[in-house]
Number of protein chains: 2
Amino acid sequence: MAESRADYRRTLAKVAIFSGLTDAELDFLAERAVPRQFAPGEMVFGEGEPCAGLYVVERGNIRIFKSSAAGREQVLSIDGPGSSVAEVPVFDGGNYPASGAAVDRATLLFVGKQDFQALCLAHPEVALKVLRVVGARLRRLVGIIEELSFTTVRHRLASFLLHLAQREATAAAAGVEFSLPGTNQELASQLGTVRELVSRNLSRLQAEGLLKLEGRRAVIPDLKAFEAELDPA
Amino acid sequence: MAESRADYRRTLAKVAIFSGLTDAELDFLAERAVPRQFAPGEMVFGEGEPCAGLYVVERGNIRIFKSSAAGREQVLSIDGPGSSVAEVPVFDGGNYPASGAAVDRATLLFVGKQDFQALCLAHPEVALKVLRVVGARLRRLVGIIEELSFTTVRHRLASFLLHLAQREATAAAAGVEFSLPGTNQELASQLGTVRELVSRNLSRLQAEGLLKLEGRRAVIPDLKAFEAELDPA
DNA sequence: GCGCGCCTATGACTTTTGTCACAGAGAACG
DNA sequence: CGTTCTCTGTGACAAAAGTCATAGGCGCGC
């Protein structure tokens with residue numbers, strides 16, 4: 001038990017909103033944090049449910065999304081180890097604004113609402129850190145709105161691929177190779193569209209020579225040309 | 001001077017994030033707040049500019065929006081008296097994520113970044129209140145994403161009209177009358193589309209008998225029927 | 001290695017959205 | 001009163017998004 005508590009503490013210390021806390025303060029949280037295991041695809045919380053507390057990702061990834069009556073989903077963010085999730089509803093007392101589900105096998109630490117609020121009152125800097133994190137989240141949402149409102153599926157897909165490529169980018173290498181994360185369905189729900197359009201647009205980019213596909217491996221032969229595709233449209 | 005400072009204090013006291021502060025604390029802010037007047041349509045701040053502080057709306061309305069290279073705009077929110085604006089970039093140190101402009105003749109109070117941060121450190125509850133406000137903002141953004149991603153322009157327009165009508169609603173009256181705010185262009189940028197589609201969809205709703213228009217005055221003859229339009233689609 | 005389930009690709013089609021051009025209503029102003 | 005400006009309404013298109021149905025690939029387990 002003492003050992004796992006030490007583990008939790010290590011996990012918590014890596015989280016942006018808890019950085020800078022003393023060991024004693026981390027222990028306060030670690031003692032109260034409840035670890036929870038999730039299978040791939042398992043729901044962590046559902047949109048509209050009352051919020052009991054926040055989660056910290058220890059292992060795996062969690063996908064935050066909205067779902068429509070027609071069965072479509074729109075991903076709002078995917079958070080990995082070291083991220084915290086659902087800080088917001090903890091504070092405004094409302095329900096979860098969106099659903100959360102494990103992408104893969106994931107371990108999360110649950111921190112109760114009251115414990116967290118107590119911590120914030122005792123340590124004003126924590127609240128400021130939460131605000132920073134929430135600010136980043138807000139920016140991301142604004143970015144999604146911008147993309148949905150102004151750009152085409154093709155553009156969003158290209159921009160998504162570019163981000164993937166830039167992560168992998170080995171300096172100024174000619175051809176960047178990377179692999180497509182998840183299924184086309186999952187890509188679609190991140191881009192705010194449907195499976196078929198992802199498939200079609202991938203084909204189209206390939207036909208135009210901007211992209212080469214082999215299964216789930218993708219290569220962008222000419223990064224410059226690819227980027228140029230994003231500017232005008 | 002002392003008089004206008006008392007005015008500022010009155011204004012600040014009405015703002016959600018400053019509620020509960022003592023008179024002395026409000027004075028601290030009121031002394032440092034800088035009043036600024038804006039003409040209709042005038043820019044308050046532009047997307048990407050470094051953020052110097054937040055604004056409190058004393059009179060008038062401010063529109064927060066994104067604009068695209070192609071000249072389209074997407075409104076994120078419209079805030080009236082008693083609202084605060086741009087709290088977020090104050091905390092994460094980044095630039096303004098969107099632009100702000102006065103809708104009508106408006107008076108805003110500017111509160112510098114440092115003054116505000118100092119206040120938050122001295123009064124942890126303030127930070128918690130900011131988090132509540134930001135939480136509401138975040139929910140609204142998620143709502144916009146949901147609508148853009150899942151629904152048609154027609155649906156968004158109908159839902160917008162319904163909200164207007166419900167405000168005006170005199171109990172369970174048969175026909176609700178209200179007036180369309182702003183031009184079709186402005187409506188369009190709130191709904192994430194273009195002028196023509198607003199015009200066309202208004203015509204269509206009218207042709208279907210769900211709506212009656214006379215200039216900018218609108219009447220929904222049968223609220224039930226109108227609402228029913230939103231459920232299935 | 002065969003079948004099954006899940007995923008992809010794609011053609012054909014509909015609906016929705018957006019663009020362009022232009023005509024006309026209505027207010028604002030000299 | 002006529003001019004000018006802005007806003008609306010609409011027809012005619014063009015482009016993008018989404019739907020439906022179907023064929024085929026790939027991996028996994030029995």
Side-chain angles (χ1 to χ4, degrees), chain A residues 40-41 67-74 103-104 145 147-161 179-208 211-218 229-230 232-233, chain B residues 40-41 67-74 103-104 145 147-161 179-208 211-218 229-230 232-233:
Chain A
S67 27
S68 81
R72 267 176 61 179
E73 291 185 348
Q74 168 72 51
V103 173
D104 33 33
I145 292 176
E147 294 215 309
L148 286 177
S149 187
F150 297 150
T151 79
T152 64
V153 169
R154 174 175 213 264
H155 184 102
R156 301 205 287 278
L157 175 60
S159 146
F160 187 90
L161 294 178
S179 70
L180 300 182
T183 67
N184 283 357
Q185 178 59 259
E186 285 161 343
L187 279 184
S189 61
Q190 287 178 60
L191 301 176
T193 184
V194 295
R195 207 188 83 239
E196 290 95 325
L197 284 197
V198 170
S199 180
R200 261 192 247 285
N201 279 286
L202 282 173
S203 300
R204 194 165 144 214
L205 287 172
Q206 201 171 11
E208 291 166 4
L211 184 72
K212 284 195 211 322
L213 280 175
E214 266 191 43
R216 297 266 95 187
R217 292 302 288 176
E229 196 58 16
L230 298 189
Chain B
S67 26
S68 82
R72 268 175 63 179
E73 291 185 350
Q74 168 71 53
V103 174
D104 33 33
I145 292 176
E147 294 216 308
L148 286 177
S149 187
F150 296 151
T151 78
T152 64
V153 169
R154 174 174 214 264
H155 185 103
R156 302 204 287 277
L157 175 60
S159 145
F160 188 89
L161 294 177
S179 68
L180 299 182
T183 67
N184 283 357
Q185 178 60 257
E186 284 161 343
L187 279 184
S189 62
Q190 288 177 60
L191 301 176
T193 183
V194 295
R195 190 181 62 80
E196 291 94 326
L197 283 198
V198 170
S199 181
R200 261 191 246 284
N201 278 287
L202 283 173
S203 301
R204 194 166 144 213
L205 288 172
Q206 200 171 12
E208 291 166 6
L211 184 73
K212 283 195 212 320
L213 279 175
E214 267 191 43
R216 296 268 96 188
R217 292 300 289 176
E229 196 59 16
L230 298 189

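To find a chain, count down the sequence lines: A is the first, B the second, and so on, and within it residues start at 1. Please read these numbers as outputs of a predicted model, since none were measured by experiment.
- Residues passing the salt bridge (charged side-chain N to carboxylate O under 4.0 Å, His left out) test with A/Arg200, sequence neighbours excluded: none.
- Remark: of the listed residues A/Thr193, A/Val194, A/Val198, A/Val194 is the sole one forming a side chain to side chain contact (heavy atoms under 4.5 Å, CB included) with A/Glu196.
- In this structure A/Arg72 satisfies the salt bridge (charged side-chain N to carboxylate O under 4.0 Å, His left out) test with no other residue, sequence neighbours excluded.
- Considering only heavy atoms from C-beta on, A/Leu148 comes within 4.5 Å of A/Arg156 through its side chain.
- Side-chain contact check for A/Leu191 versus A/Leu197: every heavy-atom pair is 4.5 Å or farther apart.
- Rounded to whole Å, the distance from CD on A/Glu214 to P on C/dT8 is 16 Å.
- Taking atom CG of A/Leu157 as the reference point, atom P of C/dT8 lies 13 Å away to the nearest angstrom.
- Note: CD (B/Gln206) to C1' (D/dT8) measures 13 Å, nearest angstrom.
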message: Can you build the contact string for nucleotides 9-25 of chain D? Use B for base contact, S for sugar-phosphate-only contact, and - for no protein heavy atom under 4.0 Å.
response: BBBB---SSBBB-----
